[in-house]
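Heads up, the thing below is written out as structure tokens.
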Amino acid sequence: MSAKNRWNEHPSALLRPGPDFSLADLDRRGTPGWSGSKQQAKAFTAARGPLLSELQERLFAHGRSGGNKAVLLVVQGIDTAGKGGIVRHVIGAVDPQGVALRAFGRPTPEELRHHYLWRVRRSLPSGGQIGVFDRSHYEDVLVGRVEKLVPPEVWQQRYEEINRFEEKIVDSGTTVIKVALMVSRREQGLRLMERLQRTDKHWKFNPGDVDSRRQWDDYQEAYADVFARTSTDVAPWHVIPADRKWYPRLAVTELLTRALIDLDLTWPTPSWQVATQKRRLAKTMDDGALAEAEAAAKDIAAKVRRSEKEFAKAVAEVGRA
């Protein structure tokens, strides 16, 4: 199975909602920018794994060395849109110790006593981490609006407040990737029915999902306003058709990979002298172990050089797509 790159354009440029964007006209079964098949997409996503893993390791090493760079992936979507699949299939490809995952549900009593962004600030990734928000602060201009949890004059002023908040996040060194998985009403109905038909999926079903379907048009209108009012140059939205489960996974993998490449991180330089630490360590080793380590030194150096060349080649190939 081929793992050839069949992106004909950077997905970020294709998926950003422009001035003429219409959510009502979005083809929810579309695969913008991808010219290959489902099988080719799965193979390509899997092939991105090693590169994505090394990029994440470089970011993690950067943070461990005191760096402030981080990535925040905000994943929004109505029920059954595939948010969990993004976490499993995309974020699952990297080392979990470098990931900060937070799912935002109904606010707790403690959270309700604070400003609505309080719980979000406390969940932001620190330097070196990939933060993932399964739902986010946007619930406060989606659910809060549609379910009339706050009056219009409250949620109306939140758009600009969110924009300022995200601008500060970016200024602090965090790259923000916002993705909205947009499934059709028909497909959502089929996915909910499947959960009811499978005993192993009953745990995923929430009776409230049916109630939300009755407010479909209101939620679509709310999402359209979110895209129009909070897709900024520093933190743009990416609106991803989600009726084909494999496409959002492919698109988010590519968005994350390219964002990490753009950070242009190298391995940190230690604050201590390598030669000095080698001498100190050698004094704690017996002659046989020390001879074995010295014999392996050339092979290890060659392996590192090959790894660096392979990494540089992989990054260059991404840039050519």
Side-chain angles (χ1 to χ4, degrees), residues 1-7 10 36 40-71 73 87-101 125-132 173 175 177 249-250 252-321:
M1 186 180 297
S2 173
K4 180 181 178 182
N5 189 342
R6 288 176 168 79
W7 284 108
H10 193 314
Q40 289 166 334
K42 288 185 174 182
F44 181 69
T45 301
R48 272 284 187 257
L51 175 59
L52 184 58
S53 179
E54 178 162 345
L55 287 164
Q56 186 259 347
E57 186 178 0
R58 287 172 181 247
L59 175 63
F60 187 64
H62 165 83
R64 288 287 294 270
S65 301
N68 70 332
K69 300 289 187 184
V71 173
L73 175 64
V87 174
R88 288 192 302 275
H89 294 275
V90 180
I91 305 304
V94 303
D95 188 339
Q97 71 175 329
V99 176
L101 172 64
S126 57
Q129 289 185 319
I130 296 176
V132 183
T175 298
I177 307 170
R249 298 167 187 173
L250 170 76
V252 175
T253 296
E254 196 68 359
L255 289 169
L256 181 58
T257 299
R258 294 183 184 227
L260 288 168
I261 287 174
D262 288 344
L263 294 179
D264 194 25
L265 297 176
T266 56
W267 296 116
T269 301
S271 57
W272 36 264
Q273 295 295 318
V274 175
T276 299
Q277 298 308 313
K278 280 184 177 180
R279 287 194 297 271
R280 292 183 67 232
L281 177 58
K283 292 178 180 179
T284 71
M285 300 170 66
D286 62 53
D287 291 343
L290 186 58
E292 182 178 339
E294 290 175 347
K298 289 185 178 180
D299 288 340
I300 291 172
K303 182 179 179 180
V304 171
R305 288 194 296 271
R306 286 196 302 271
S307 178
E308 288 296 310
K309 287 182 179 179
E310 290 169 0
F311 175 76
K313 180 180 178 182
V315 169
E317 287 176 349
V318 172
R320 288 197 292 270

query: Checking Thr253 side chain against Arg249 main chain: does a donor-acceptor pair fall under 3.5 Å?
result: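 Checked: pair present.
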message: Has His62 got a side-chain atom pairing as donor or acceptor with Leu265's backbone, closer than 3.5 angstrom?
response: no
Compare every heavy atom of [Y] with every heavy atom of [X], then report the nearest pair and how far apart it is.
X	Y	value
Val318	Arg48	CG2-NH2, 3.3 Å
Ala61	Pro268	O-CG, 3.5 Å
Gln56	Asp95	NE2-O, 3.2 Å
Ser126	Ala70	O-CB, 3.5 Å
Phe60	Gly98	CD1-CA, 3.8 Å

task: Taking the side chain as every heavy atom from C-beta outward, state whether Leu73 and Val90 have any atom pair closer than 4.5 Å.
output: no
query: Above 12 or not: heavy atoms from other molecules or residues under 6.0 Å from CD of Glu54?
result: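 Result for CD/Glu54: enclosed.
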query: Does CD belonging to Glu292 count more than 12 external heavy atoms closer than 6.0 Å?
result: no
- prompt: Leu260 pairs by side chain to side chain contact (heavy atoms under 4.5 Å, CB included) with which of Val71, Val94, Ile177, Leu255?
  reply: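 For Leu260, the side chain to side chain contact (heavy atoms under 4.5 Å, CB included) test succeeds with only one of Val71, Val94, Ile177, Leu255, which is Val71.
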message: Less than 4.0 angstrom from a charged side-chain N to a carboxylate O is my criterion; do Arg58 and Glu308 meet it?
response: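 Looking at Glu308 together with Arg58, the answer is yes, because their closest N to O distance falls below 4.0 Å.
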